[in-house]
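Below is one structure, written out as structure tokens; comments come after it.
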Amino acid sequence: MLSIKVEKTKTPKEKPQDETALGFGKIFTDHMFIMEYDTGKGWHDPRIVPFQNLSLSPACSTFHYGQTMFEGMKAYRSEDNKIYLFRPDMNAKRANNSNRRLCIPEIPEEDFVQAVKALVDIDRDWVPHSAGTSLYIRPFVIANDAYLGVKPADSYLFIVILSPSGAYYESGLNPVGIWIEDEYVRAVRGGMGYTKTGGNYAASLIAQVKAHDDGYEQVLWLDGVERKYIEEVGAMNIFFKIDGKIVTPMLNGSILPGITRDSVIQLCKHWGLPVEERRISVDELLQAQHDGTLEEVFGTGTAAVISPVGKLRYKDEVMTIGDGSIGEVSQKIYDTATGIQWGKLPDPFHWRVEV
Ligand code: PLP
Ligand code: COI
């Protein structure tokens, strides 16, 4: 149990008036959580303070070598004004999976969840009210040694910030166009693909720029060795409905084990839909499209929620999925997952955690 000191802001900011214009990740709340780590001392001085800039040495190891970890989660406001988190224990576990790979000291799971809950509670009036909006939560760790040698740092900061947000994609629930990248790769097995760390996202930018220039919203990555098997999207896991079956790439070490992915798999199984976690090649997709059995495609992620894919481009081929609008199963998954998150539906899996 952390003993969290609280210093409240004396100058609260004005909350956004127009919740339809929130966008994603642009506005921050009044407070942040911060805790430090030093070798020999462990994690110490947990506190909630007014949201503020950091003062770091230009030699701060994170700037140079990217020893960082981040998480992404949300707080949701129900119609009766309760505030819920969604499976926060899973974020705490995944944070430590990333930490271990990056030689960052682990954060006890209960401390991670306590920090998030305490901060959300203090800024609970910032959880937006309108349909489809939520408070995006960004916990992260940065290495903080003022030292230019390459080694695991001796000091770290664990910080949590909050951002009231609307849809991640400007298109909302309208299908997105996705570019299957055949030149660059994001991650390889044995690398850091299964972690949430800055470098994975830095590696992805060049293809994202290419895709955007061509009018596509996101990149779908192929495996880093053969560039043949489907991995995941820049900020989402990917699902296909092929001939009545729900198919998604298995967790192989190079893709992020998404919490939305896990929840969607559990929901589909609960409904009795056949679910396959396995390797899927681009050739199989092209063949399914050709045979008329590629019925639906959607991405899953905390920021992106359930995001229907209307168009997939691979080299010179452009596949239009179904009639280009959201599929029946994608819609049902969206309605159920968001219904549970926003407290509108029963929670048979005990995923909601009230703040
Ligand atoms: N894959 C990547 C690369 C991501 O950044 C995300 C978002 O966090 C996901 C998948 C989806 O994960 P989750 O459902 O836990 O948000
Ligand atoms: C999330 O869904 O939480 C993400 O982190 C995606 C992205 C903004 C990197």
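Just so you know, ligand 1 is whichever comes first in the structure, and atom 1 is the first atom listed for that ligand.
At the shortest separation from atom 2 (C) of ligand 1 among protein heavy atoms lies Glu232 OE1, 3.5 Å. Scanning the protein for heavy atoms near atom 6 (C) of ligand 2, the closest one is Ala235 CB, 3.7 Å. Of all protein heavy atoms, the one closest to atom 12 (O) of ligand 1 is Gly258 CA, 3.4 Å. Here the protein heavy atom with the shortest distance to atom 1 (C) of ligand 2 is Tyr136 OH, 3.3 Å.
Proximity of Met236 to ligand 1, defined as any heavy-atom pair under 4.0 Å, is confined to the backbone N, CA, C and O atoms. Neither the backbone nor the side chain of Lys74 has any atom closer than 4.0 Å to an atom of ligand 2 (non-hydrogen atoms only). Here Arg186 has side-chain heavy atoms under 4.0 Å from ligand 1, and that is the only part of it that gets that close.
For the pair Lys196 and ligand 2, the shortest N or O to N or O distance falls below 3.5 Å. Looking at Ala303 next to ligand 2, an N or O pair under 3.5 Å apart turns up.
No heavy atom of Ala303 sits closer than 4.0 Å to any atom of ligand 1. In this structure, Lys196 has a heavy atom closer than 4.0 Å to ligand 1. Ligand 1 is never approached by Met73 to a heavy-atom distance shorter than 4.0 Å. For Ala235, the closest heavy-atom approach to ligand 1 falls below 4.0 Å. Ligand 1 has no atom lying under 4.0 Å from any heavy atom of Met90.
Atoms of ligand 2 lying under 4.0 Å from at least one heavy atom of Gly72, given by number and element, are 3 (O). Ligand-side atoms of ligand 2 in range of Tyr201: 9 (C), range being under 4.0 angstrom from any heavy atom. Each of the atoms 12 (O), 13 (P), 15 (O) of ligand 1 lies under 4.0 Å from some heavy atom of Arg94. Listed by atom number, the atoms of ligand 2 under 4.0 Å from Thr302 heavy atoms are 2 (O), 3 (O). The atoms of ligand 2 that sit less than 4.0 Å from any heavy atom of Phe70 are 5 (O). In the vicinity of Thr300, heavy-atom distances shorter than 4.0 Å reach the ligand 1 atoms 11 (C).
Nearest-residue assignment for atom 15 (O) of ligand 1 (options Leu256, Ile259, Asn237; heavy-atom criterion): Ile259.
Looking only at atom types and distance, the side chain of Glu36 has no donor-acceptor partner in the side chain of Ser155 under 3.5 Å away. With no hydrogens or angles considered, a side-chain donor-acceptor pair links Asn81 and Arg77 at under 3.5 Å.
Of the charged side-chain nitrogens involved, at least one lies within less than 4.0 Å of a carboxylate oxygen, so that Glu284 and Arg278 count as a salt-bridged pair. The pair Asp243-Lys245 does not meet the salt-bridge criterion, since no charged nitrogen lies less than 4.0 angstrom from a carboxylate oxygen.
The six-membered or imidazole ring of Phe28 lies near that of Phe51, with a centre-to-centre distance under 6.0 Å.
Heavy-atom neighbours of Lys151 NZ from other residues, nucleotides or ligands within 6.0 Å: above the threshold of 12.
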